[in-house]
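One structure is given below, encoded as structure tokens.
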Amino acid sequence: MEAQLLSQARQNIEKFRKGDALLTFTDMQGKPLSGVKIEINQQTQDFLFGNLSEEMFSPRLSAEEVRKFQERFTELFNFTELTVKWAPYEKEQGKPEWQKLQQKLDWCKLNGITPKGHTLGWTNMSGTPPWVLKVPPDLATDLYKARIQNLVGGFKNQMKMWDVVNEPVTTIPWESALKDNVFGESKIDEGTRYDVKGITLDQTVSWVEKSYKWAFEADSAGDFIINEFYVIAKPEVRKNFISW
């Protein structure tokens, strides 16, 4: 299966990532030139190639380190992922740290970097702040919907690409996560969020579908992505992911 996927990827490179071009060079009067030596140095490309840039905004870095980070990043990359994981983005209910996100988006715009938001929905502990587990499930879901639409709609003129749901095959669905308790013997931990034994695709697809519907309502021109891991390495993950 892996060999088949890699073979298809190589074919797709030729089909979708390459193309023919015809260049005509003219003089000041528009007359085509011939017999001249032309040197072409590619500066940018449409293919998005990126890395994480969050560290550049860390207070641990000196001004010189920030300068070097920015210089080397922009020399190589034209794309970056900006974290909007719910727990760190909104540590306290009703107080999302949008100013920090805006600072990063301003930097992206200034340097010609395409940003992607990661991630709107995730049942990992990073995606479910403790305070959201203390409210009734229906209210928690309303808050989750509002979060998606506020981010996607509020920043739609600056960021069009979003990981709407992260790791839906390998983590428990939204409704299951809401049953976790932040107190006592049922205290949540990282392991319970990845225990998907007995979870059906119907349970998972339900909240994933709603998440994308809400994102689309906020920006019908957005690019909405599902982010998953082990799709190549683990056959059971690949099977569930493809069966969607």
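This chain uses plain numbering: 1 for the first residue, then up along the sequence. A quick note: this is a predicted structure, and the numbers were derived from the prediction, not measured.
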Indicate if [X] and [Y] have the same hydrophobic cluster label, given that clusters are the connected sets of ILVMFWY residues with side-chain heavy-atom separations under 4.5 angstrom.
{"X": "Val169", "Y": "Ile172", "answer": "no"}
{"X": "Leu201", "Y": "Val196", "answer": "no"}
{"X": "Val84", "Y": "Phe57", "answer": "no"}
{"X": "Val237", "Y": "Tyr194", "answer": "yes"}
{"X": "Phe16", "Y": "Phe47", "answer": "no"}

Going by an N to O cut-off under 4.0 Å, is there a salt bridge joining [X] and [Y]?
{"X": "Lys179", "Y": "Glu175", "value": "no"}
{"X": "Lys213", "Y": "Glu217", "value": "yes"}
{"X": "Glu64", "Y": "Arg67", "value": "yes"}

Let me see the working for Ile226 and Tyr212 under side chain to side chain contact (heavy atoms under 4.5 Å, CB included), right down to the final yes or no. CA-CA 9 Å; Ile226 287 182; Tyr212 282 84; 2.7 Å; yes

Can you measure from [atom1] ([X]) to [atom2] ([Y]) and round to the nearest 0.5 angstrom?
{"X": "Trp107", "Y": "Thr80", "atom1": "CH2", "atom2": "OG1", "result": "6.0 Å"}
{"X": "Asp223", "Y": "Thr114", "atom1": "CG", "atom2": "OG1", "result": "10.5 Å"}
{"X": "Thr141", "Y": "Trp207", "atom1": "OG1", "atom2": "CH2", "result": "10.5 Å"}
{"X": "Gln99", "Y": "Lys104", "atom1": "CD", "atom2": "NZ", "result": "12.0 Å"}
{"X": "Asn240", "Y": "Glu236", "atom1": "CG", "atom2": "CD", "result": "8.0 Å"}
{"X": "Lys156", "Y": "Leu151", "atom1": "NZ", "atom2": "CG", "result": "14.0 Å"}

Among all residues two or more places apart in sequence or in another chain, which pass the ring-ring contact (aromatic ring centres under 6.0 Å, His included) test with Phe77? Phe49, Phe73

Let's go through Trp162 and Ile225 carefully: what are the C-alpha distance in whole Å and the side-chain angles of both, what is the deciding distance for side chain to side chain contact (heavy atoms under 4.5 Å, CB included) to 0.1 Å, and is it a yes or a no? CA-CA 6 Å; Trp162 299 88; Ile225 300 165; over 6 Å; no

[X] vs [Y] side-chain heavy atoms within contact, under 4.5 Å:
{"X": "Glu54", "Y": "Glu81", "answer": "no"}
{"X": "Leu48", "Y": "Asn78", "answer": "yes"}
{"X": "Thr204", "Y": "Ile199", "answer": "yes"}
{"X": "Glu228", "Y": "Pro168", "answer": "yes"}
{"X": "Phe79", "Y": "Met161", "answer": "yes"}
{"X": "Val152", "Y": "Leu120", "answer": "yes"}
{"X": "Gln70", "Y": "Met56", "answer": "yes"}
{"X": "His118", "Y": "Lys85", "answer": "yes"}

Less than 3.5 Å apart, any donor N or O on the side chain of Thr200 or Gln203 sitting next to an acceptor on the other? yes

Less than 3.5 Å apart, any donor N or O on the side chain of Tyr144 or Thr128 sitting next to an acceptor on the other?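 No pair is found: no donor N or O on one side chain lies under 3.5 Å from an acceptor on the other.
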
Side-chain donor or acceptor of [X] paired with backbone N/O of [Y] under 3.5 Å:
{"X": "Asp219", "Y": "Ala221", "value": "yes"}
{"X": "Ser7", "Y": "Ala3", "value": "no"}
{"X": "Thr74", "Y": "Glu71", "value": "yes"}
{"X": "Tyr89", "Y": "Leu101", "value": "no"}

Is it the case that more than 12 heavy atoms not belonging to Lys160 sit under 6.0 Å from its NZ atom?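 Correct, the count exceeds 12.
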
Heavy atoms of other groups near Lys68 NZ, more than 12 under 6.0 Å: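 Atom NZ in Lys68 is not packed in, count stays at 12 or less.
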
To check you understand the geometry: which heavy-atom pair defines the closest contact between [X] and [Y], and what is its length?
{"X": "Leu82", "Y": "Ser53", "answer": "CD2-OG, 4.0 Å"}
{"X": "Leu178", "Y": "Ala140", "answer": "CD2-CB, 3.8 Å"}
{"X": "Met159", "Y": "Lys116", "answer": "SD-C, 3.6 Å"}
{"X": "Cys108", "Y": "Pro115", "answer": "SG-CB, 4.0 Å"}
{"X": "Ala177", "Y": "Leu133", "answer": "O-CD2, 3.6 Å"}

Looking at Trp131 versus Trp86, is the centre-to-centre ring distance below 6.0 Å?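 For Trp131 and Trp86, the ring centres are under 6.0 Å apart.
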
Got a list of side-chain donor-acceptor pairs under 3.5 Å for residues 20-35, not counting sequence neighbours?
{"residue": "Asp27", "atom": "OD1", "partner": "Gln29", "partner atom": "N", "Å": "2.9"}
{"residue": "Asp27", "atom": "OD1", "partner": "Gly30", "partner atom": "N", "Å": "3.0"}
{"residue": "Asp27", "atom": "OD1", "partner": "Lys31", "partner atom": "N", "Å": "2.8"}

With Asn12, which of Arg10, Gln8, Glu14, Lys15 fulfils side-chain hydrogen bond (donor to acceptor under 3.5 Å, both in side chains)?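 Testing Asn12 for a side-chain hydrogen bond (donor to acceptor under 3.5 Å, both in side chains) against Arg10, Gln8, Glu14, Lys15 leaves exactly one candidate, Gln8.
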
Could you point out which residue of Thr123, Asn124, Asn227, Thr119 forms a side-chain hydrogen bond (donor to acceptor under 3.5 Å, both in side chains) with Asn166?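 By the side-chain hydrogen bond (donor to acceptor under 3.5 Å, both in side chains) criterion, Asn166 pairs with just one of Thr123, Asn124, Asn227, Thr119: Asn227.
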
Report the C-alpha distance between Ser176 and Arg193 in whole Å, list the side-chain angles of each, state the deciding distance to 0.1 Å, and finish with yes or no for side chain to side chain donor-acceptor pair (under 3.5 Å). CA-CA 9 Å; Ser176 298; Arg193 299 309 179 91; over 6 Å; no

Carefully, step by step, assess Glu65 and Arg60 under the rule side chain to side chain contact (heavy atoms under 4.5 Å, CB included). CA-CA 9 Å; Glu65 288 173 326; Arg60 296 192 302 270; over 6 Å; no

Would Arg238 and Ile242 count as a side chain to side chain contact (heavy atoms under 4.5 Å, CB included) if you check the C-alpha gap in whole Å, the side-chain angles of each, and the deciding distance to 0.1 Å? CA-CA 6 Å; Arg238 180 169 63 248; Ile242 293 176; 3.5 Å; yes

Measure from NZ or CZ of Lys234 to the centre of the six-membered ring of Tyr230, then state whether that distance is under 6.0 Å and the direction lies within 45° of the axis.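 Checked: cation-pi criterion met.
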
